[in-house]
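The block underneath contains the structure these notes are about, expressed in structure tokens.
Numbered from 1 within each chain, the chains take letters A, B, ... in sequence-line order.
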2 protein chains.
Amino acid sequence: MSTIEDVAKLAGLSRTTVSRVLNDHPYVSVEKKRLVQQAMEHLGYVPNSAARSLRNQKTGIIAVLIPKISTPFFSQLLERLEMAASAKSYQLIICQTQFSKQKERNYLNLLKTKQVDGVIMTSFENDWSIIESYLNYGPILLCNEIVENAEIPTVYMNQANCGYIVAKHLLERGHRHIAYCSNGIVSEGMKAREQGFKRALAEASCFFEEKFYFENVSSVEDGKRIFRKIANMKIIPTAIFTGGDHVAAGIISEAKKQGWSIPKELAVVGFDDMEITELLDPMITTVIQPVEEMALKSMEVIYEKIHKKQYRSFEKYEFFSKLAVRDSTRMKRKLVATF
Amino acid sequence: MSTIEDVAKLAGLSRTTVSRVLNDHPYVSVEKKRLVQQAMEHLGYVPNSAARSLRNQKTGIIAVLIPKISTPFFSQLLERLEMAASAKSYQLIICQTQFSKQKERNYLNLLKTKQVDGVIMTSFENDWSIIESYLNYGPILLCNEIVENAEIPTVYMNQANCGYIVAKHLLERGHRHIAYCSNGIVSEGMKAREQGFKRALAEASCFFEEKFYFENVSSVEDGKRIFRKIANMKIIPTAIFTGGDHVAAGIISEAKKQGWSIPKELAVVGFDDMEITELLDPMITTVIQPVEEMALKSMEVIYEKIHKKQYRSFEKYEFFSKLAVRDSTRMKRKLVATF
DNA sequence: TTGAAAGCGCTAACAG
DNA sequence: CTGTTAGCGCTTTCAA
């Protein structure tokens, strides 16, 4: 393995000059530059990144903390983050917290040991007060969630708007009895989603019925369970916002089994735009998260923070979801709207 | 940011002693050890990893090259690799090749620049001769594929066995007219799969009909297309091995639309055990790949190579798939077997 | 059992 | 425009 010294010797120059060529510094004569480049090529020289990191106090690496990689949403986000990082010549170290406070803290230590220049978190397992203490060692950015008092740049999707447009969509299709599923996670975002949803109803003078509120619903099984509940109600909702494609799939699957017609008898809205939404029959109307935009913005902002060395800030970058309208809310027969 | 020097000063000892404590060396008196530890704690000292890497010529980082992260199989593999790495206190740098030769080479350069101790590849975009040249800089392991003449440790699934058990399963259920889909990828593995499949048929004295061989089939759309083709054949196969859950989903979806009954009129086998297999009706019989085992073995082997500094070898680690038998091949009515 | 000193490979004042 | 020199923070001889 050849070093900068070897190159210098072969080129008959000093290490400094070689370094200057390496870093595209001005003040190197064209002639010496060529000399250096020839020597580098001849030796197959490649700069050692550990030495550079040590000297520059920069690694060119960012850590991404994710609860579980194989979750479709996270794998999409990770994919986009990698692309964004790559475009900026950064490497990504991938850290799976598996929802563990301990693991999250361990990974945040990468900041302390200077193994990474910055950290992108996609959720908080520990309290803000814990996270905060790592801010002394480098920038942290929160992508995909929003935490009230967290004094770090945050990239997130406006959940209130999301709830709002879903409700609006269903209202426009004449639905007045709309059910809502919460996934049991208590977070700013989840609260906002619910509020946005209810606001749309209120604006349409549509009263939200508490009996149509389902809690702790997140899996296919939950969806099936919820459907059975619904099927047994005296007053049955005509539409449901499930908060998750899995739940939607479960509801539809159970509904079909019991001979219901979707969306005629029950319109269903999912969340996440997972693959299954286009595979099931009917295809599921779902919320598309702005994954790519959030990834790009996250990289842009963390990059800036790394270079500005000013890590605390309440800046928020907001993105909006889109609704992919598919068959599960597309009326084949006109619904009798209640005015 | 405090350094080892600061700790030494505060403890009234030398850097050497502090380093010894840090690395659990023998020959440090209990008393000095305590002193050092106190000083470290007091200063919130954490060793700088760039300095360590430079000095030790080891980074504790492994690069994983993957074509596309969000592909369900790869995200699962990545998840397992991360867990295995974490267990060995290694970090993973994630590299998306996006099927590009150029990107693959760029990422392999991480080995040259000593940014990583080793590389795990999950596919080859470049020829072996290219890849080989990077072997001078560190170990490379191939996980998930097998490349004939590649002189590196390889962890893979036995595709021949996979094709064999699928065919066997269908034969046992009385099928004699079985269709086969190739995904268009020309690789050792794909060839082996096909051969294993045909071998099982041959052993059952069942002649494989070339008209039941479909090429370049990999998406949902392909599946739908294939089904339409099948529906128009004079002699119709009673079962099909799709080589992919997407394809299977497409076939089933189109078949149902045309009023066919699955598996009664056509048994379908997928591949990958993706989420959809359990969500569709009927649930899809599919091949489960030994992801976790392959990930663990990969980490174990690359770890060993890193430490043995002997990178070339033809060693192969073989794993076997399992068949998840679900509704799409479960006969409700006995099929008339042709003898 | 401890410490002094050299050096991993690179970059950036500073001086010329 | 170019080179000398002094480290970045750590580990490891070697000597005591």
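- Rounded to whole angstrom, the span from the CG atom of B:Leu54 across to the C1' atom of C:dC10 amounts to 8 Å.
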Next item on the list: Can you check each nucleotide of nucleotides 10-16 of chain D against protein heavy atoms at under 4.0 Å and return B for base, S for sugar-phosphate only, - for none, in 5' to 3' order?
Entry: BBB----

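- At distances below 3.5 Å, not a single donor-acceptor pair connects side-chain atoms of B:Glu31 with backbone N or O atoms of B:Lys33.
- Rounded to an integer number of Å, the gap from NZ of B:Lys114 to P of C:dC10 is 12 Å.
- Within the 3.5 Å criterion, the main-chain N or O of A:Arg20 finds no donor-acceptor partner in the side chain of A:Asn23.
- Looking at B:His25, its side chain never comes within 3.5 Å of a backbone N or O of B:Val21 through a donor-acceptor pair.
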For residues 114-131 of chain B, please give each side-chain donor-acceptor pair under 3.5 Å, one per line with the distance, not counting sequence neighbours.
| residue | atom | partner | partner atom | Å |
| --- | --- | --- | --- | --- |
| B:Lys114 | NZ | B:Tyr137 | O | 3.3 |
| B:Asp117 | OD1 | B:Thr59 | N | 2.8 |
| B:Asp117 | OD1 | B:Thr59 | OG1 | 3.0 |
| B:Asp117 | OD2 | B:Thr59 | N | 3.2 |
| B:Asp117 | OD2 | B:Gly60 | N | 2.7 |
| B:Thr122 | OG1 | B:Leu65 | O | 2.8 |
| B:Ser123 | OG | B:Glu125 | OE2 | 3.2 |
| B:Asn126 | OD1 | B:Arg105 | NE | 3.1 |
| B:Asn126 | ND2 | B:Lys101 | O | 3.0 |
| B:Asn126 | ND2 | B:Glu104 | OE1 | 2.9 |

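- A:Ser298 places a side-chain N or O within 3.5 Å of a backbone atom of A:Met294 that can act as its donor or acceptor partner.
- The interatomic distance linking B:Lys9 (NZ) with C:dA4 (P) rounds to 13 Å, in whole Å.
- Rounding to whole angstrom units, CG of residue B:Asp24 and C1' of C:dT1 are separated by 16 Å.
- Look at B:Glu315 and B:Lys305 and you find a salt bridge, because one of the NZ, NE, NH1 or NH2 atoms lies within 4.0 Å of a carboxylate O, short of that distance.
- Between D:dT2 and A:Lys32, a contact under 4.0 Å exists linking OP1 or OP2 to a side-chain N or O.
- Look at A:Gln57 and you won't find any side-chain N or O under 4.0 angstrom from OP1 or OP2 of C:dT11.
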